[in-house]
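A quick write-up on the structure given underneath.
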Amino acid sequence: MTELYLMFAGVAHVAVYLLDKQAGELRLADTAGDSPGAAYGLSPSYPLSAPSLVADAFREGRPLWLTPAEVAVPAGAGVALGALPLGEDGGRLGCLVVADRPGDGLDAERRIFLELYADQVAARLEAGCLCGAADIVGRKEPGHVHVLALDGIHVGSFTLVLGTGRVDADASLLELIGFSPEEFDGRLETLLACTLPEDLPALMSVVEPGHMTHDGRDLEFRVRRPTGELRWLRLRCRVLADAAGRPERVLGVVAEASHLRPSTDDVSRLQQLAAALATAMTVRDVSRTVVATLREPLAADRMALAELHAGRLTVTALDPPQPGAWPEIWRREWRSEWPDAAARDLPTLRAALRLGRVQLWATSTDLEPGLAGVGRGGLAVLPLPADGRVVGACLIGWDEPHGFAPEERSLLTAIAGVVGQALVRARALDAEHELAAMLQRSLLPRTLPSLPGCVAVARYLPATAGLEVGGDWYDVIPLSDRYVALVIGDVQGHSPEAATIMGQIRTAIRAYAVEGHPPDVVVSHANRLLVGMETDAFVTCCYVALDMEEGEAWVVRAGHLPPLLRAPDGATQEVVAEGGPPLGVLADAEFPMTMAGLSPGATLALMTDGLVESSSLRLEDGLQRVCEVLAATDPADADRMADEVIGVADRRDDDIALLLLRYDGTAVRPLRAGWAVWRLPDAVMHARRFTARVMRSWNVTQEADAVLLVVSELVTNAMVHTRGEVRLDLTLAGDRLRVAVSDSSPRAPVRQTSVDWEATGGRGLLLVEAVSESWGSVPLSGGKQVWGEIALPSRAMT
């Protein structure tokens, strides 16, 4: 305590009173000064139940000051007194008492220095008492209490003028850093030059305008003394404002903290946590990693992590996960955001978050029920700091008595900083991932179409290593009542840009496909489009056009994996298909087609490389494993087969897309007939006669008038409004007869919304709509096809 007397010259007497819980009083633990405490009206002890300056300061948790005029004790006449509580709410250890005379008392600046010094004393006491200091006090002799935590405390102080950068540092602070008073030039830069570069940003944040706070700052940093010795220091400071409210000066107290630094084992444990958090990408991952890494080494019975959002806590991890292991207040809103009522029930936790400092209790029985049940034998509350603010909290509890050594307190403080930074990083990655994932989900098909004679199912899984969403995609494109296109692809890279390019290429391939282009032309058009987009990304894809009646599949590969084909007997192999380069590489690249035959009961599987290749899995082995799963799974349940296939991927380094199509074949093949319509004045009559002959040959007698009306109107529109070839196609599938008229004009037909009674035209499409079950128009090889379907009643087939 002698250093305190020397540091604050003119303070006549200093005393530390610590709490004796059994006696219910504050007892003198240590003292220093030019006269005994009785000369200043100080007693050896103060009952908590009786009014006094010392007991009142302890109970109220704030400094109390008496001017010489207010000191009524005769022995203390002309003496100014101050009592400063040591420790925070729920963990107060005692009071620091100072006496000064003669004069008008302790001015405002000296009071601030004393408050900062009291914080340093409290930290030293907490470190000493929690490691087993005999219930905070140990009796040295009757009437006197001695606390080992105060032995050898080394503290210095300074004043920094923000406008000039000048520092007024006392001899104790200069000795801590390694300067003599004669060597120090009074410049802030001189002191900062001794700080380790990695600790300098945190130290500079104290005087940065965006981080200044009048409530004070608390941080630890390292300095390199001229002798080469590395020393840990703990800073407590407060900013003073001028009359206009602008920051003017910083008052600070610095204490040696080398005794609080972690041991070699603790450093290893901290490095292990940091390495594990480096691969934790989501907030949930960070929480699970912290629990998995620390709970067993710390022998903790409970651990909880929560994020702080706008003053409210959101629980991200509770271990053990059983609700019965936690107090009722935690079960009230299990694994969801804490309500305001619950937050009010945890004032100790709220105070710790507000102060931003690690709080330790050798027992939590005196705390509110919501915390007392977390760790009755020991409780640690770790506010998680990052970027000058608290972003969350970590609670660690022990059921059996747990002594906190000074090294463990320092370790928990270091852990809090590492976890806080990881939380901020994961929160930013979560937001980016959610944005990219939402973009990608919006670009993938929500549902797959129902196909006659086929069943298509798809699966998509994002990567588990890394958070940026890639550009894997799939699509099923009905081309007509007979043809369907399957496409799967992968855009290079993982980013929102990759997802955007995926959406553009998927849309382009769908547009080229429905225009009626052959598979190789569809892929060639998409390739030229991507080259013209002037992006650095390239795309791999596999496009399959399937004739659902004949079972003929035409495969085009652009740098992508070949499809896998499972035969009805279970034999599975790759479809040997010659491929071209990825899209976006060569504008004039060629993409050859390969034909593969599908028998009823066969299954075609298209996938991206994330399913069959990873850092620990070769491509050949991955393909073989998928073939084995396909061969061993019953294709009768296509969804189950897709789940079995997707399940072969353990750790996903890349996104995965899977598209399965089970080909069942057509039980009754549709009847088809087509005729090229000549451009003659009586072309419509010839089209009706052709239709009538076909219907008689198909034994279709009912709805004949409706069919002929649709033929008449569609052929008339094509002859009147277009030029070039016109073709009529009739298809009978079950109880539906489809009339389709194709022409060379890409302009879609326009149905009039209203037609005047005196108009001579414009009613054709209205009639088609009226007599057809459905109708529409699709682009087709530079032109279009207009079609209508007529529902037929049950009929006898010839």
Side-chain angles (χ1 to χ4, degrees), residues 3-4 6-9 107-121 123 153-258 260-261 355-357 385-389 413 417:
E3 293 187 15
L4 177 65
L6 296 176
M7 183 176 66
F8 300 104
D107 59 29
E109 185 168 315
R110 293 171 69 195
R111 290 181 179 183
I112 292 175
F113 273 119
L114 285 168
E115 291 175 12
L116 296 175
Y117 180 79
D119 289 337
Q120 299 283 19
V121 173
I153 186 170
H154 196 172
V155 181
S157 65
F158 69 90
T159 301
L160 167 64
V161 181
L162 294 174
T164 62
R166 300 295 298 178
V167 178
D168 182 12
D170 65 6
S172 296
L173 174 61
L174 296 178
E175 195 281 327
L176 282 172
I177 299 177
F179 289 122
S180 65
E182 297 76 18
E183 295 173 329
F184 182 54
D185 57 7
R187 297 171 63 244
L188 176 62
E189 293 80 1
T190 303
L191 296 180
L192 295 178
C194 303
T195 306
L196 263 63
E198 51 266 39
D199 294 346
L200 194 58
L203 194 60
M204 286 297 297
S205 69
V206 172
V207 294
E208 290 178 356
H211 293 88
M212 282 189 179
T213 171
H214 299 295
D215 295 333
R217 291 288 301 276
D218 182 1
L219 58 88
E220 294 181 2
F221 63 99
R222 292 166 293 178
V223 296
R224 181 75 68 180
R225 291 165 57 87
T227 60
E229 175 193 357
L230 185 67
R231 174 170 285 181
W232 279 93
L233 301 178
R234 183 174 184 265
L235 167 67
R236 283 290 295 167
C237 65
R238 191 172 299 177
V239 179
L240 300 184
D242 58 15
R246 295 184 296 266
E248 182 181 33
R249 288 180 300 158
V250 177
L251 306 184
V253 173
V254 179
E256 184 178 6
S258 299
L260 297 177
R261 300 319 304 165
L355 294 170
R357 286 186 285 174
D387 301 331
R389 57 192 177 91
T413 302

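In what follows, every heavy atom counts, from backbone to side chain, and hydrogens, waters and symmetry copies are set aside.
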Would you sort out whether Leu191 and Phe179 count as a side chain to side chain contact (heavy atoms under 4.5 Å, CB included), showing the intermediate values?
CA-CA 9 Å; Leu191 296 180; Phe179 289 122; 4.3 Å; yes
Stepwise side chain to side chain contact (heavy atoms under 4.5 Å, CB included) check, Leu196 with Leu230
CA-CA 9 Å; Leu196 263 63; Leu230 185 67; 3.4 Å; yes
Could you go step by step and tell me if Asp119 and Val253 meet the side chain to side chain contact (heavy atoms under 4.5 Å, CB included) rule?
CA-CA 9 Å; Asp119 289 337; Val253 173; over 6 Å; no
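Here the closest heavy-atom approach between residue Ala169 and residue Leu174 is recorded as CB-CD2, 4.0 Å. Contact between Leu173 and Phe158 at its shortest, heavy atoms only, is CD2-CB, 3.5 Å. The shortest heavy-atom contact between Leu176 and Val254 is CD1-O, 3.6 Å. Considering every non-hydrogen atom in both Arg231 and Glu175, the closest pair reads NH1-O, 3.9 Å. In terms of heavy-atom proximity, Ile177 sits nearest to Arg225 at O-CG, 3.3 Å. Heavy atoms only, all atoms of each residue included: Phe113 and Gly252 are closest at CE2-O, 3.5 Å.
Under 4.0 Å is where a charged nitrogen must lie from a carboxylate oxygen, and between Arg238 and Glu115 at least one such pair does.
Checked by atom type and distance alone, the side chain of Asp170 never pairs as donor or acceptor with a backbone atom of Gly156 at under 3.5 Å.
Taking the side chain as every heavy atom from C-beta outward, Leu188 and Leu160 approach each other to under 4.5 Å. The shortest distance between side-chain heavy atoms of Thr159 and Val167 does not fall below 4.5 Å. Contact annotation: the side chain of Leu251 approaches that of Leu240 to within less than 4.5 Å [non-hydrogen atoms, C-beta and beyond].
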